[in-house]
Amino acid sequence: QVQLVESGGGLVQPGGSLRLSCAASKTISSIAMINVMGWYRQAPGKERELVAVESRTGSTNYADADSLKGRFTVSRDNAKNTVYLQMNSLEPEDTAVYFCYAAGVTSGGVFDASPYWGQGTQVTVSS
């Protein structure tokens with residue numbers, strides 16, 4: 001099993017910034033590589049939706065939403081098996097639980113295509 005531990009959520013005023021972090025680990029064997037890591041979010045009463053993901057080679061895929069463009073940036077540190085989400089110019093509509101996502105984990109010479117999710121971190125944008 002892969003554990004994803006998120007941090008960095010909280011309450012921020014409109015126009016503010018937050019940086020989310022998510023570190024992946026395994027208890028039995030170390031992780032050699034993770035194909036895809038990124039972020040989804042789920043607002044109250046809505047379905048979980050893609051925010052952004054990044055491959056281990058640096059290719060990114062952002063949600064097809066004009067509201068995110070230019071404000072959110074996903075990045076990775078492959079050596080640390082960590083993914084980040086820099087969120088700027090936050091709006092009340094960004095309020096949601098943000099979930100870390102990982103898929104395609106190689107560990108102990110074994111490839112695991114299963115998707116893994118973190119427990120989520122709350123981001124609240126309010127004055």
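- Residues forming a ring-ring contact (aromatic ring centres under 6.0 Å, His included) with Y116 (at least two apart in sequence, or on another chain): none.
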Compile the donor-acceptor pairs under 3.5 Å between side chains in residues 21-38 and protein atoms, sequence neighbours left out, one pair per line.
| unit_1 | atom_1 | unit_2 | atom_2 | d |
| --- | --- | --- | --- | --- |
| S29 | OG | S107 | OG | 2.7 |

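- Between L20 and R41 there is no side-chain heavy-atom pair separated by less than 4.5 Å.
- At least one donor-acceptor pair closer than 3.5 Å links the side chain of E6 to the backbone N or O of C100.
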Given the rule in the side chain to side chain contact (heavy atoms under 4.5 Å, CB included) test, do V74 and V53 qualify, once you have shown the distances and angles that lead to the verdict? CA-CA 7 Å; V74 65; V53 294; over 6 Å; no
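- The number of heavy-atom neighbours closer than 6.0 Å to CZ of R48, taken from other residues, nucleotides and ligands shown, is above 12.
- A distance of 11.5 Å separates CE of M87 from CZ of R19, quoted to the nearest 0.5 Å.
- A ring pair (Phe, Tyr, Trp, His ring centres under 6.0 Å) with Y40 holds for exactly one of Y98, W117, Y62; it is W117.
- Residues F72 and F99 do not share a hydrophobic cluster, defined by chaining ILVMFWY side chains whose heavy atoms lie under 4.5 Å apart.
- Nearest heavy-atom pair, S89 versus S17, reported as atom, atom and distance to 0.1 Å: N-OG, 4.3 Å.
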Name each donor-acceptor pair under 3.5 Å that joins a side chain in residues 118-125 to protein atoms two or more places apart or in another chain, with its distance.
| unit_1 | atom_1 | unit_2 | atom_2 | d |
| --- | --- | --- | --- | --- |
| T121 | OG1 | G9 | N | 3.4 |
| Q122 | NE2 | A96 | O | 3.4 |
| Q122 | NE2 | T124 | OG1 | 3.3 |

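- Using a 4.5 Å heavy-atom cutoff, the side chains of Y101 and L4 are not in contact.
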With side chain to side chain contact (heavy atoms under 4.5 Å, CB included) as the criterion, how do R71 and D94 come out once you've worked through the C-alpha distance, each side chain's angles and the decisive distance to 0.1 Å? CA-CA 11 Å; R71 298 192 300 122; D94 296 317; 2.8 Å; yes
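- Note that OG1 of T73 is 10.5 Å distant from CD of E54, once rounded to the nearest 0.5 Å.
- Here the closest non-hydrogen pair linking S127 and P14 is N-CD, 3.6 Å.
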